[in-house]
J.: 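Take a look at this one; I'll ask things after.
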Amino acid sequence: MSPKKTRHGKILEIIASQQIDTQEELARQLRNAGFDVTQATVSRDIRELSLYKVSADGGGQRYTVPRQEEGRGLEDKYIRVLRDGFSSMDMAQNILVVRTVSGMAMAVAAAIDAMHFQEIVGSIAGDDTIMMAVRTVEDTERLMERIRELL
């Protein structure tokens, strides 16, 4: 995976898990995660990922990604994050376990959540593993097939 794609995945992971309201704060978080970035790079990444600010709980603002309904281009970005981070998947009854490249689970989980699969009740992401509670065993099988089609 290219350094840019890895960085974009990390940005999606960071904004999904933290309230980031400035480019400087996002750059600091990326540096803490081991990425050598400048403010110009972060600014370009924000533009390429179509991030924008929304009102945050408790006041202030935070970066977020547009909802899926706001354009096919964003859906393509989610699919790219899924493809870039995906390693494998397996099921245990109505639980789908997705393995990812190390450090990409939260970004892949955020991308899958943003795709609004009706079969998924909820998901939990670690460093390289996502566990998704799915409504039924049949829904789990159907979801796995839908994900395979995206890959």
J.: Would you say S43's side chain and Q39's backbone share a donor-acceptor pair under 3.5 angstrom?
T.: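 No: the side chain of S43 does not pair with the backbone of Q39.
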J.: Kindly indicate whether the side chain of L51, heavy atoms from C-beta on, has any atom under 4.5 Å from the side chain of I11.
T.: yes
J.: Tell me, do D84 and V101 make a side-chain contact under 4.5 Å, heavy atoms counted?
T.: no
J.: Enumerate donor-acceptor pairs with a distance under 3.5 Å from any side-chain N or O in residues 144-151 to protein atoms, sequence neighbours excluded.
T.:
from : atom 1 : to   : atom 2 : distance (Å)
R146 : NH1    : E119 : OE1    : 2.9
R146 : NH1    : E119 : OE2    : 2.9

J.: Report yes if the side chains of M132 and I124 come closer than 4.5 Å at any heavy-atom pair, otherwise no.
T.: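 Counting from C-beta outward, M132 and I124 never come under 4.5 Å.
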J.: Determine yes or no for a side-chain-to-main-chain donor-acceptor pair under 3.5 angstrom, with H116 supplying the side chain and A114 the backbone.
T.: yes
J.: Mark yes or no for whether R135, through its side chain, and Q118, through its backbone, hold a donor-acceptor pair below 3.5 Å.
T.: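 It does hold such a pair.
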J.: Is there side-chain contact between Y63 and T22, with at least one heavy-atom pair below 4.5 Å?
T.: no
J.: Indicate yes or no for a side-chain donor-acceptor contact from R62 to the backbone of K53 under 3.5 Å, with no hydrogens or angles considered.
T.: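 Answer holds: no.
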J.: For A105, does its backbone N or O pair with a side-chain atom of T100 as donor and acceptor, under 3.5 Å?
T.: yes
J.: Hey, are the side chains of L12 and V81 touching, using non-hydrogen atoms and a 4.5 Å cut-off?
T.: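 Answer yes - side chains close enough.
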J.: Kindly determine whether D127 and S102 satisfy side-chain hydrogen bond (donor to acceptor under 3.5 Å, both in side chains), including the steps that lead there.
T.: CA-CA 6 Å; D127 181 62; S102 182; 3.0 Å; yes
J.: Can you check whether I112 reaches L82 side chain to side chain, under 4.5 Å on heavy atoms?
T.: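 Yes; the side chains approach each other to less than 4.5 Å.
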J.: Regarding T129 and R99, do their side chains bring together a donor and an acceptor under 3.5 Å, going by distance alone?
T.: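 A donor-acceptor contact under 3.5 Å links the two side chains.
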J.: Between S123 and D113, is there a side-chain donor-acceptor contact under 3.5 Å, judged purely by atom types and distance?
T.: yes
J.: Taking S2's backbone N and O only, do any of them form a donor-acceptor pair with T6's side chain (distance below 3.5 Å, no angle check)?
T.: yes
J.: Quick one, V98 and L96 - any side-chain contact, counting heavy atoms below 4.5 Å?
T.: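 They are in contact (side-chain heavy atoms under 4.5 Å apart), so the answer is yes.
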J.: State, with a plain yes or no, whether a side-chain heavy atom of L26 is found less than 4.5 Å away from one of I46.
T.: yes
J.: Does N32, at its CG atom, have more than 12 non-hydrogen atoms belonging to other residues, nucleotides or ligands within less than 6.0 Å?
T.: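 Result for CG/N32: enclosed.
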J.: Salt bridge or not between R7 and D45? Use side-chain N to carboxylate O under 4.0 Å.
T.: yes
